[in-house]
K.L.:
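What follows is a single structure, and I will ask about it in a moment.
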Amino acid sequence: MIDLIFPDGSKRQFEDGVSGRDVAASIAKSLEKRALLIKLDGALYDLDRALPGGGAFEILTRESPEALDTIRHDASHVMAQAVQELFPGTQVTIGPAIEDGFYYDFARETPFSLDDLAKIEHRMKEIVDRDEKIVREVWDRKEAIAHFKSIGEDYKAEIITDLPGDEVITVYRQGEWKDLCLGPHLPSTKHVGKAFKLTKLAGAYWRGDHRNAQLQRIYGTAWASEADLEAYLHRLEEAEKRDHRKIGRAMNLFHMQEEGKGMVFWHDKGLTLWRIVESYVRRRLDAAGYIEVRTPQVLDRVFWEKSGHWEKYRPNMFVCETEEGEELSLKPMNCPGHVQIFNFGQRSYRDLPMRMAEFGACHRYEPSGALHGLMRVRAFTQDDAHIFCREDQIEEETARFIELASSIHSDFGLQRDHIALATRPDVRAGSDEFWDKAESQMLAAARKAGVEPVIYEGDGAFYAPKLDFILKDAIGRMWTCGTIQLDYVLPERLDATYIGEDGAKHRPVMLHRAICGSLERFIGVLIENYAGSFPLWLAPTQVVVATITSDAAEFAQQAAAELRAAGLRVEVDLRNEKINYKIREHSLAKAPVIAVVGRREAEEGKVALRRLGSDGQTILSLAEAVKALASEALPPDLARTAIMSGSASVGAVAEES
RNA sequence: GCCGGCUUAGCUCAGCUGGUAGAGCAGCGGUUUUGUAAACCGAAGGUCACGGGUUCGAUUCCUGUAGCCGGCACCA
């Protein structure tokens with residue numbers, strides 16, 4: 001007998017060998033019909049499988065969020081069956097559920113076309129209608145290998161061969177079709193439902209290794225209901241509207257062109273945004289005790305050989321040659337340059353920690369397929385800094401950095417989801433003792449800052465572990481912005497030293513750190529986070545003064561002049577156009593505030609302020625408007641200083657908002 | 001770099017099976033002085049990404065190249 005504890009806390013006994021379906025049926029016939037899966041002590045089981053024992057028992061239906069992954073996984077199986085029915089000779093490999101859907105990787109000589117997707121989708125619906133029972137079978141390992149080899153499924157045979165020896169080999173059968181799979185699965189293909197859609201076609205390497213064969217991957221999305229599918233597709237459309245490339249064009253921020261692949265032409269508006277971000281970060285670094293430097297763009301090959309980058313990254317460096325036969329490279333990173341400044345003259349322990357920052361323009365020859373708008377470019381500017389310190393200062397410096405970065409991210413309106421601790425990769429420099437120490441130092445530092453990092457196994461740089469900041473934007477997408485990495489290697493290679501209290505030479509440790517990452521990418525993230533509707537302090541154009549009639553032109557000019565004098569970025573629109581037209585145009589260009597002046601306002605010395613996204617208006621005297629907007633437009637760090645110094649105008653704005 | 005797709009006016013897009021292209025918006029020239037998301041009229045604007053081939057004839061079919069888009073791999 002086994003004891004099952006139900007979600008309501010009640011307990012019942014059942015015969016050994018009872019299945020989830022039997023239990024469901026014993027409760028209600030209708031429940032049996034709706035049951036898809038069983039959850040027993042946290043693990044999922046097929047509905048028809050004999051329960052391996054007692055425990056916390058739950059019946060999952062279509063409505064259970066936990067059943068969704070299985071629906072998706074089954075959708076991938078149904079897709080694989082459809083593909084093999086339509087395209088005999090195609091081999092199946094693996095097909096998991098993923099976020100929002102599923103994929104399956106197929107091995108096939110001729111690639112699939114977009115037309116094939118429609119056919120496959122159609123056949124999938126037929127298979128769902130067939131309502132094939134899905135049955136779990138346990139196979140003998142050797143027989144399984146022999147079987148899959150005999151039907152030409154070499155990849156499946158390879159998967160079984162590589163499974164640990166004690167692993168139970170299970171095959172799931174749906175009608176004529178079967179697949180090696182750990183399960184669990186739904187009771188029959190009907191339960192996959194029809195709220196799915198094949199979305200994209202892609203190449204993917206066998207086992208994720210580019211030296212292996214390339215397989216054909218088909219992606220799909222699947223949901224418990226038609227409504228969920230619709231909602232998902234709608235979400236995709238919304239996300240597309242925020243695309244920084246689209247908004248960048250609409251707001252005239254930047255462009256790129258063929259002759260400069262992965263290089264950005266920043267237009268005036270875009271550069272304004274850049275300067276706002278840069279000067280804000282610079283103020284924060286100044287306040288946090290950093291010094292700022294600038295190092296050469298191009299350095300001799302010998303330099304990069306010394307730093308070790310030439311050997312490892314030569315294919316990704318922009319190399320040039322001079323008339324005199326020197327070989328030079330554009331800097332792909334700032335670190336070795338910073339070490340040169342550290343090494344210039346003698347350093348004392350009193351100089352440490354030395355926090356050396358640079359808005360460093362770097363060039364890397366990224367693979368063409370990696371380029372993506374502002375998010376991945378070949379010429380970028382890092383908000384880079386290196387903290388040279390003693391080993392016993394690592395924890396303190398890392399913790400301080402976490403606090404600084406967190407504050408800056410939140411000022412930019414980005415919410416932190418978590419911090420990742422990326423640990424030793426397979427290919428790495430240094431002993432296991434070194435990695436043990438380095439990883440525990442980073443962990444301790446994070447905890448000191450009050451953060452429990454999520455461990456990303458094997459994701460560290462080859463020379464050290466790192467902490468990465470994973471931020472969440474306004475629509476819930478994750479972005480990695482900001483990192484801190486421990487480095488014992490570079491100071492050694494470039495022979496950085498300081499004189500300790502004991503009068504002897506010591507080796508400093510370097511902490512590589514960035515808060516934005518690259519300014520290009522960070523601006524891309526900001527654009528998508530705000531969908532171009534920036535808060536006042538970030539908006540390239542903060543106020544547009546728009547006239548209704550030419551009678552108001554003179555006052556509009558005066559208003560603009562006073563707003564500018566208060567530090568605001570202002571445009572004036574005196575064109576002979578209807579106010580409706582002007583409002584529409586500037587709203588589409590995402591101007592946060594439109595100050596409308598007509599004859600009435602001009603006579604009374606007032607402006608009518610209209611906020612982006614709302615259709616109301618606030619009528620203020622010009623002086624009040626200047627004061628209110630100027631304090632609202634203060635970057636968050638300056639606003640905090642203003643509050644501390646008790647500025648009345650800031651208080652007024654706080655009330656208003 | 002690899003797999004698939006796309007590339008037509010400044011932008012967004014039409015153009016069935018081959019007969020050298022069309023709209024809206026923007027821009028330009030006029031008219032309109034306007035009250036909170038598109039006033040009206042007019043003229044203009046294209047080596048249909050680039051190269052080669054098939055054809056009497058190619059934006060359309062084939063092929064090569066580039067860029068971009070979606071993935072994969074990469075990301076010091």
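Every chain is numbered from 1 and lettered A, B, ... according to where its sequence line falls, protein lines coming before strand lines.
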K.L.:
When the C1' atoms of A58(B) and C50(B) are compared, how many Å lie between them, rounded to an integer?
P.N.:
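Taking atom C1' in both C50(B) and A58(B), they lie 15 Å apart.
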K.L.:
In terms of the nearest nucleotide of RNA chain B, which residue is placed more toward the 5' end: Phe462(A) or Leu371(A)?
P.N.:
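Comparing both residues, the 5'-ward one is Leu371(A).
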K.L.:
Determine: side-chain N/O of Arg249(A) to OP1/OP2 of U12(B), distance under 4.0 Å, yes or no.
P.N.:
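Yes, Arg249(A) has a side-chain N/O under 4.0 Å of OP1/OP2 on U12(B).
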K.L.:
Categorize Pro111(A) for me: base, sugar-phosphate, or nothing, with a 4.0 angstrom heavy-atom threshold over every strand shown.
P.N.:
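Sugar-phosphate only.
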K.L.:
Between U36(B), A76(B), A73(B), spot the one nearest the side chain of Pro367(A), thanks.
P.N.:
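Nucleotide nearest to Pro367(A)'s side chain: A73(B).
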K.L.:
Quickly work out the Leu117(A) CG to G70(B) P distance and round it to whole Å.
P.N.:
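Taking atom P of G70(B) as the reference, CG of Leu117(A) is at 17 Å.
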K.L.:
Categorize Arg245(A) for me: base, sugar-phosphate, or nothing, with a 4.0 angstrom heavy-atom threshold over every strand shown.
P.N.:
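Result for Arg245(A) = sugar-phosphate.
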K.L.:
Please work out which of the three classes, parallel, tilted or perpendicular, describes the rings of His244(A) and His372(A), given edges at 30° and 60°.
P.N.:
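Ring orientation of His372(A) relative to His244(A): tilted.
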K.L.:
Report which part of the nucleic acid His586(A) touches: base, sugar-phosphate, or nothing (heavy-atom distance under 4.0 Å, all strands).
P.N.:
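Since no nucleic acid heavy atom lies under 4.0 Å of His586(A), the category is nothing.
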K.L.:
Could you tell me the separation between the CE atom of Met317(A) and the C1' atom of C74(B), rounded to a whole number of Å?
P.N.:
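For the pair Met317(A) CE and C74(B) C1', the rounded distance is 17 Å.
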K.L.:
Say we look at G67(B) and U8(B): how far apart would their C1' atoms be, to the nearest angstrom?
P.N.:
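16 Å, rounded to whole Å.
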K.L.:
Tell me whether the side-chain N/O atoms of Ser550(A) come closer than 4.0 Å to OP1 or OP2 in U33(B).
P.N.:
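So the side chain of Ser550(A) is outside the cut-off, no N or O lying under 4.0 Å from OP1 or OP2 of U33(B).
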K.L.:
Angle class for the Tyr205(A)/His210(A) ring planes (parallel below 30°, perpendicular above 60°, tilted otherwise)?
P.N.:
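Rings of Tyr205(A) and His210(A): perpendicular, as their planes differ by over 60°.
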K.L.:
At under 4.0 Å, does any side-chain N or O of Tyr581(A) touch on OP1 or OP2 of A26(B)?
P.N.:
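The answer is yes; a side-chain N or O of Tyr581(A) sits under 4.0 Å from OP1 or OP2.
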K.L.:
Please give the distance between the P atoms of A43(B) and C13(B) as a whole number of Å.
P.N.:
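Straight-line distance between the two P atoms is 28 Å.
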K.L.:
Counting only Watson-Crick pairs (N1-N3 plus N6-O4 or O6-N4) and G-U wobbles (N1-O2, O6-N3), all under 3.5 Å, who is the partner of C68(B)?
P.N.:
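Base-paired to G5(B).
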K.L.:
Test the Lys200(A)-Tyr103(A) pair against the cation-pi criterion, namely NZ or CZ under 6.0 angstrom from the six-membered ring centroid and within 45° of the ring axis.
P.N.:
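Cation-pi check for Lys200(A) and Tyr103(A): fails.
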K.L.:
Tell me which nucleotide, if any, is Watson-Crick or G-U wobble paired with U31(B) when both distances must be under 3.5 Å.
P.N.:
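Looking at the geometry, U31(B) pairs with A39(B).
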K.L.:
Check whether more than 12 heavy atoms from other residues, nucleotides or ligands sit under 6.0 Å from atom CD of Gln257(A), and answer yes or no.
P.N.:
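Counting neighbours around CD of Gln257(A), more than 12 heavy atoms of other residues, nucleotides or ligands fall under 6.0 Å, so yes.
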K.L.:
Need one value for Tyr463(A): base, sugar-phosphate or nothing, where a base atom within 4.0 Å counts as base even if backbone is also close, heavy atoms only.
P.N.:
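The residue Tyr463(A) makes sugar-phosphate contact but no base contact.
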K.L.:
Strictly by Watson-Crick or wobble contacts shorter than 3.5 Å, is anything paired with G22(B), and which nucleotide is it?
P.N.:
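The answer is C13(B), by the H-bond criterion.
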K.L.:
Give the nucleotide from the list A73(B), C3(B), A37(B) with an atom nearest to the side chain of Leu612(A).
P.N.:
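Within the option list, the nearest is A37(B).
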K.L.:
Whole Å only: how far is the CD atom of Glu237(A) from the C1' atom of G70(B)?
P.N.:
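Roughly 17 Å, once rounded to whole Å.
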K.L.:
Let me know the distance between CD of Gln382(A) and P of C75(B), rounded to the nearest Å.
P.N.:
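Taking CD of Gln382(A) and P of C75(B), I get 15 Å after rounding.
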K.L.:
Report yes if a side-chain nitrogen or oxygen of His255(A) is closer than 4.0 Å to either non-bridging phosphate oxygen (OP1 or OP2) of G10(B); otherwise report no.
P.N.:
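Looking at the OP1 and OP2 atoms of G10(B), neither is under 4.0 Å from any side-chain N or O of His255(A).
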K.L.:
What integer distance in Å separates His210(A):NE2 from G1(B):P?
P.N.:
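Roughly 14 Å, once rounded to whole Å.
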K.L.:
Before we go on, tell me: are the rings of Tyr104(A) and Phe102(A) under 6.0 Å apart, centre to centre?
P.N.:
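No, too far apart.
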K.L.:
Rounded to whole angstrom, note down the C1' distance from U31(B) over to A49(B).
P.N.:
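Their C1' atoms lie roughly 40 Å apart.
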K.L.:
Applying a 4.0 Å non-hydrogen cut-off, can you work out what Leu588(A) is touching in the nucleic acid: base, sugar-phosphate, or nothing?
P.N.:
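If one applies the 4.0 Å heavy-atom cut-off, Leu588(A) turns out to touch a base.
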K.L.:
Please pick, from U33(B), C72(B), A76(B), the nucleotide with the shortest atom-to-atom distance to any side-chain atom of Ala461(A).
P.N.:
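The answer is A76(B).
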K.L.:
So which nucleotide does U55(B) pair with, by the Watson-Crick or G-U wobble rule with both distances under 3.5 Å?
P.N.:
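Per the H-bond distance test, none.
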K.L.:
If only side-chain N and O atoms of Tyr219(A) are considered, is one of them under 4.0 Å from the OP1 or OP2 phosphate oxygen of C72(B)?
P.N.:
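So the side chain of Tyr219(A) is within the cut-off, an N or O lying under 4.0 Å from OP1 or OP2 of C72(B).
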K.L.:
Quick check: any donor-acceptor pair below 3.5 Å linking the side-chain of Arg376(A) to the base of C74(B)?
P.N.:
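Between C74(B) and Arg376(A), which were checked side chain against base, a qualifying N/O pair under 3.5 Å is present.
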K.L.:
Nearest 0.5 angstrom please: Glu109(A) CD to Gln91(A) CD, how far?
P.N.:
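One finds 10.0 Å between CD of Glu109(A) and CD of Gln91(A).
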K.L.:
Between the base of G67(B) and the side chain of Glu259(A), is there a donor and acceptor pair under 3.5 angstrom?
P.N.:
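For Glu259(A), whose side chain was compared with the base of G67(B), there is no donor-acceptor pair (under 3.5 Å).
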K.L.:
Between Ser368(A) and Val597(A), which is nearer to the 5' end of RNA chain B once each is assigned its nearest nucleotide?
P.N.:
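Whichever sits nearer the 5' end wins; that is Ser368(A).
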K.L.:
Before you tell me yes or no, could you show the steps for Glu366(A) and Arg376(A) under salt bridge (charged side-chain N to carboxylate O under 4.0 Å, His left out), namely the whole-Å CA-CA distance, both residues' side-chain angles and the distance that decides it to 0.1 Å?
P.N.:
CA-CA 8 Å; Glu366(A) 303 288 5; Arg376(A) 189 83 180 270; 3.0 Å; yes
K.L.:
Across the strands shown, which category fits Gly208(A) at heavy-atom distances under 4.0 angstrom: base, sugar-phosphate, nothing?
P.N.:
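It contacts sugar-phosphate atoms only.
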K.L.:
With a 4.0 Å cut-off on heavy atoms, is Asp551(A) in touch with a base, just the backbone sugar-phosphate, or nothing at all?
P.N.:
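No contact.
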K.L.:
Any base atoms under 4.0 Å from Glu240(A), or only sugar-phosphate, or nothing? Heavy atoms, all strands.
P.N.:
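Result for Glu240(A) = nothing.
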K.L.:
Is Arg584(A) near enough to A26(B) that one of its side-chain N or O atoms lies under 4.0 angstrom from OP1 or OP2?
P.N.:
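False: Arg584(A) side-chain N/O out of range (4.0 Å or more) of A26(B) OP1/OP2.
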K.L.:
Under 4.0 Å, heavy atoms only, any strand: does Tyr103(A) hit a base, just the sugar-phosphate, or nothing?
P.N.:
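Nothing, no heavy atom under 4.0 Å.
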K.L.:
When you compare C61(B) with U7(B), how far apart are their P atoms, in angstrom units rounded to a whole number?
P.N.:
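Between the two P atoms, the distance is 11 Å.
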K.L.:
Give Lys578(A) one of three labels, base, sugar-phosphate or nothing, depending on what nucleic acid heavy atoms sit under 4.0 Å from its own.
P.N.:
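Base contact.
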K.L.:
Determine the interplanar angle of the His338(A) and His386(A) rings, folded into 0 to 90°, and report it as parallel if under 30°, tilted if 30 to 60°, perpendicular if over 60°.
P.N.:
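Ring orientation of His338(A) relative to His386(A): perpendicular.
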K.L.:
Starting at CD of Glu585(A) and ending at P of G27(B), how long is that distance when rounded to a whole Å?
P.N.:
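Answer to the nearest Å: 7 Å.
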K.L.:
Using a cut-off of 6.0 Å, state whether more than 12 heavy atoms not belonging to Glu554(A) lie near its atom CD.
P.N.:
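No - once you tally the heavy atoms of other residues, nucleotides and ligands closer than 6.0 Å, there are 12 at most.
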K.L.:
Can you confirm whether the side chains of Thr93(A) and Lys156(A) place a donor and an acceptor under 3.5 Å from each other?
P.N.:
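Absent: no donor and acceptor within the cut-off.
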K.L.:
Do Trp223(A) and Phe196(A) have their ring centres less than 6.0 Å from each other?
P.N.:
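No: the rings miss the under 6.0 Å criterion.
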K.L.:
Name the nucleic acid region contacted by Ile583(A), choosing base, sugar-phosphate or nothing; use a 4.0 angstrom heavy-atom cut-off, strictly under.
P.N.:
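If one applies the 4.0 Å heavy-atom cut-off, Ile583(A) turns out to touch a base.
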K.L.:
At under 4.0 Å between heavy atoms, what does Lys312(A) touch on the DNA or RNA strands: base, sugar-phosphate, or nothing?
P.N.:
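Touches nothing.
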K.L.:
Is Tyr205(A) side chain donor-acceptor paired with the G71(B) base, going by distance under 3.5 Å alone?
P.N.:
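There is none.
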K.L.:
Identify whether any heavy atom of Ala202(A) sits under 4.0 Å from a base atom; if not, whether one sits that close to sugar-phosphate; answer base, sugar-phosphate or nothing.
P.N.:
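Base: the residue Ala202(A), judged by heavy atoms under 4.0 Å, touches a nucleobase.
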K.L.:
Would you measure the distance from the P atom in G57(B) across to the matching atom in C69(B) and give it in whole Å?
P.N.:
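To the nearest whole Å, 38 Å.
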K.L.:
What is the nucleic acid contact for Glu258(A), judged by heavy atoms within less than 4.0 Å: base, sugar-phosphate only, or nothing?
P.N.:
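Glu258(A): backbone/sugar contact only, no base atoms under 4.0 Å.
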K.L.:
Which pairs, protein N/O on one side and nucleotides 59-64 of chain B N/O on the other, fall under 3.5 Å?
P.N.:
none

K.L.:
Could you tell me if the side chain of Glu604(A) sits less than 4.5 Å from the side chain of Arg600(A), heavy atoms only?
P.N.:
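Answer yes - side chains close enough.
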K.L.:
Starting at atom CD of Gln257(A), determine the distance to atom C1' of A49(B), rounded to an integer number of angstrom.
P.N.:
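These atoms are roughly 14 Å apart.
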K.L.:
Suppose you measure atom C1' in A38(B) against the same atom in C74(B); what distance do you get, rounded to whole Å?
P.N.:
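Here A38(B) and C74(B) have their C1' atoms 47 Å from each other.
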K.L.:
Any idea which of C72(B), G4(B), A73(B) is nearest the Ala370(A) side chain?
P.N.:
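Of the options given, the side chain of Ala370(A) lies nearest A73(B).
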K.L.:
Expressed as a whole number of Å, how far does the P atom of U59(B) sit from that of A21(B)?
P.N.:
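My reading of the P atoms in U59(B) and A21(B) gives 9 Å.
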